[in-house]
Amino acid sequence: MTEKMQKAMNQQLNRELYSAYLYLAMSAYFENHNLSGFAHWMRVQAREEEAHAMKFYRHLVERGGRVVLSAIESPPKDWKSPLAVFQQALEHEQKVTKMIHDLLNLARAGKDHAADAFLQWFVKEQVEEEFSTNEIVQKLNWIGESAGGLLLLDHELSKRKVEKGADEEEKE
């Protein structure tokens, strides 16, 4: 692994941890507004992001690279509405998708086939991340100001399950 790729992988590890931190902040926002289903959905998302960070950690270690942890940026703590939270979550996932694509382009430019293969999982994952977040944005747009609709969606989101591997470190 080149020094440039190692540095980029460490940066992405930090970004994945920031994502977990962001979703945890969003969960806290929903807890403060008594929307426990929304809060649950965000906590599950935070755990997934931690698992993603650990994938980068393991990849670095397995390739003989050095894991270098750096400070995690502080996330926002307040939003105007549940819709604003999910709009930011969608924008964030779109930004992460670009980061993954940039990493993949770096791997391909450096003919780093191991990194290329590793990053393919993230390419697929980001399609799912954007889709599921956008689906909630669209539902919130439909709901508008309906308190009943918001409570029904809160109940629906409370049923989200933790994906296999999101609670434990896993090797690819």
Side-chain angles (χ1 to χ4, degrees), residues 11-59 69-104 118-172:
Q11 287 174 337
Q12 190 61 36
L13 189 158
N14 178 274
R15 291 170 181 154
E16 297 293 339
L17 290 172
Y18 171 78
S19 294
Y21 214 36
L22 174 64
Y23 290 125
L24 197 56
M26 290 174 170
S27 178
Y29 165 84
F30 285 123
E31 292 285 4
N32 289 335
H33 289 82
N34 295 313
L35 291 168
S36 60
F38 281 89
H40 168 78
W41 194 96
M42 287 296 179
R43 278 192 312 279
V44 171
Q45 189 65 24
R47 280 188 249 162
E48 279 191 14
E49 300 302 338
E50 289 170 356
H52 296 171
M54 289 309 299
K55 285 179 182 288
F56 280 97
Y57 179 100
R58 291 296 328 149
H59 183 76
L69 300 176
S70 56
I72 301 169
E73 181 184 339
S74 181
K77 61 182 178 197
D78 288 311
W79 291 267
K80 290 183 351 181
S81 66
L83 175 59
V85 175
F86 272 92
Q87 285 172 327
Q88 182 174 3
L90 178 58
E91 289 168 11
H92 179 74
E93 288 302 336
Q94 291 166 337
K95 184 178 174 184
V96 171
T97 297
K98 183 187 179 318
M99 292 176 204
I100 296 298
H101 291 173
D102 290 347
L103 267 176
L104 184 58
F118 168 73
L119 292 166
Q120 290 303 316
W121 183 90
F122 286 94
V123 170
K124 293 174 192 166
E125 177 69 6
Q126 283 309 118
V127 170
E128 177 190 314
E129 297 281 10
E130 286 189 35
F131 175 79
S132 64
T133 308
N134 186 50
E135 185 176 44
I136 297 168
V137 167
Q138 297 308 314
K139 287 178 180 181
L140 286 166
N141 276 322
W142 275 99
I143 288 169
E145 299 295 319
S146 167
L150 188 65
L151 292 175
L152 282 172
L153 184 55
D154 185 61
H155 179 71
E156 177 185 328
L157 296 181
S158 73
K159 296 178 181 179
R160 183 178 184 192
K161 303 275 191 245
V162 176
E163 288 188 20
K164 182 179 187 240
D167 270 347
E168 58 191 48
E169 184 179 327
E170 72 176 344
K171 290 187 177 184
E172 285 291 312

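One is the number of the first residue; the rest follow in order along the sequence. Treat the numbers as computed from the prediction; the structure is a model and nothing was measured.
Environment of NE2 in H101: crowded, with over 12 heavy atoms of neighbouring residues, nucleotides or ligands closer than 6.0 Å.
Distance CG/L157 to CD1/I136: 4.5 Å, rounded to 0.5 Å. To the nearest 0.5 Å, the span separating CG on L24 from OG on S19 amounts to 12.5 Å. Rounding to the nearest 0.5 angstrom, the gap separating the CD atom in E91 from the CD atom in Q87 is 7.0 Å. Here Q126 contributes atom CD and K124 contributes atom NZ; the two are 13.5 Å apart, rounded to the nearest 0.5 Å. Taking OG1 of T133 as the start and CD of Q94 as the end, the distance is 9.0 Å to the nearest 0.5 Å. Q11 CD to D102 CG: the interatomic distance, rounded to the nearest 0.5 Å, is 11.0 Å.
The side-chain heavy atoms of L153 and F38, taken from C-beta on, include a pair separated by under 4.5 Å. Two residues are said to be in side-chain contact when any heavy atoms from C-beta on lie closer than 4.5 Å; F86 and M42 meet this criterion. When side chains are defined from C-beta on, R15 does not count as touching V96, because their heavy atoms never get closer than 4.5 Å. Side-chain contact between I100 and E125 is absent, with no heavy-atom pair separated by less than 4.5 Å. In this structure, V44 and K161 have side chains that are not in contact, with every pair of non-hydrogen atoms separated by 4.5 Å or more. Here the side chains of L140 and L150 are in contact, with some heavy-atom distance below 4.5 Å. Put simply, the side chain of K77 does not reach to within 4.5 Å of the side chain of Y29, judged on heavy atoms. Between I143 and P82, the closest side-chain pair of non-hydrogen atoms is not below 4.5 Å.
The aromatic ring centroids of W121 and H52 lie less than 6.0 Å from each other. Between F122 and F56, the ring center distance clears the sub-6.0 Å criterion.
In terms of the side-chain contact (heavy atoms from CB on, under 4.5 Å) criterion, residue partners of L151 (sequence neighbours excluded) are, by chain and number, L35. Every side-chain contact (heavy atoms from CB on, under 4.5 Å) that S132 has, sequence neighbours left out, goes to W41. A search for side-chain contact (heavy atoms from CB on, under 4.5 Å) contacts involving E73 returns Y18, not counting sequence neighbours. Considering only residues two or more places apart in sequence or on other chains, A39 meets the side-chain contact (heavy atoms from CB on, under 4.5 Å) condition with S27, F30, E31, R43. Partners of Q45 by side chain to side chain donor-acceptor pair (under 3.5 Å), not counting sequence neighbours, listed by chain and number: E49, E129, R160. Residues passing the side chain to side chain donor-acceptor pair (under 3.5 Å) test with E156 are K139, sequence neighbours excluded.
Among all heavy-atom pairs drawn from E93 and Y23, the shortest one is OE2-OH, 2.5 Å. For V137 against L83, the heavy-atom pair with the smallest separation is O-CD1, 3.8 Å. Among all heavy-atom pairs drawn from S158 and H40, the shortest one is O-CD2, 3.3 Å. Closest approach of A53 to L13, counting heavy atoms only: O-CG, 3.7 Å. Closest approach of L22 and P76 over heavy atoms only: CD1-CD, 3.8 Å. Annotation for G149 and S146: closest pair N-OG, 2.9 Å, computed over non-hydrogen atoms.
Remark: the Q12 side chain and the E16 side chain contain an N/O donor-acceptor pair separated by less than 3.5 Å.
Between the side chain of N14 and the backbone N or O of A71 there is at least one donor-acceptor pair closer than 3.5 Å.
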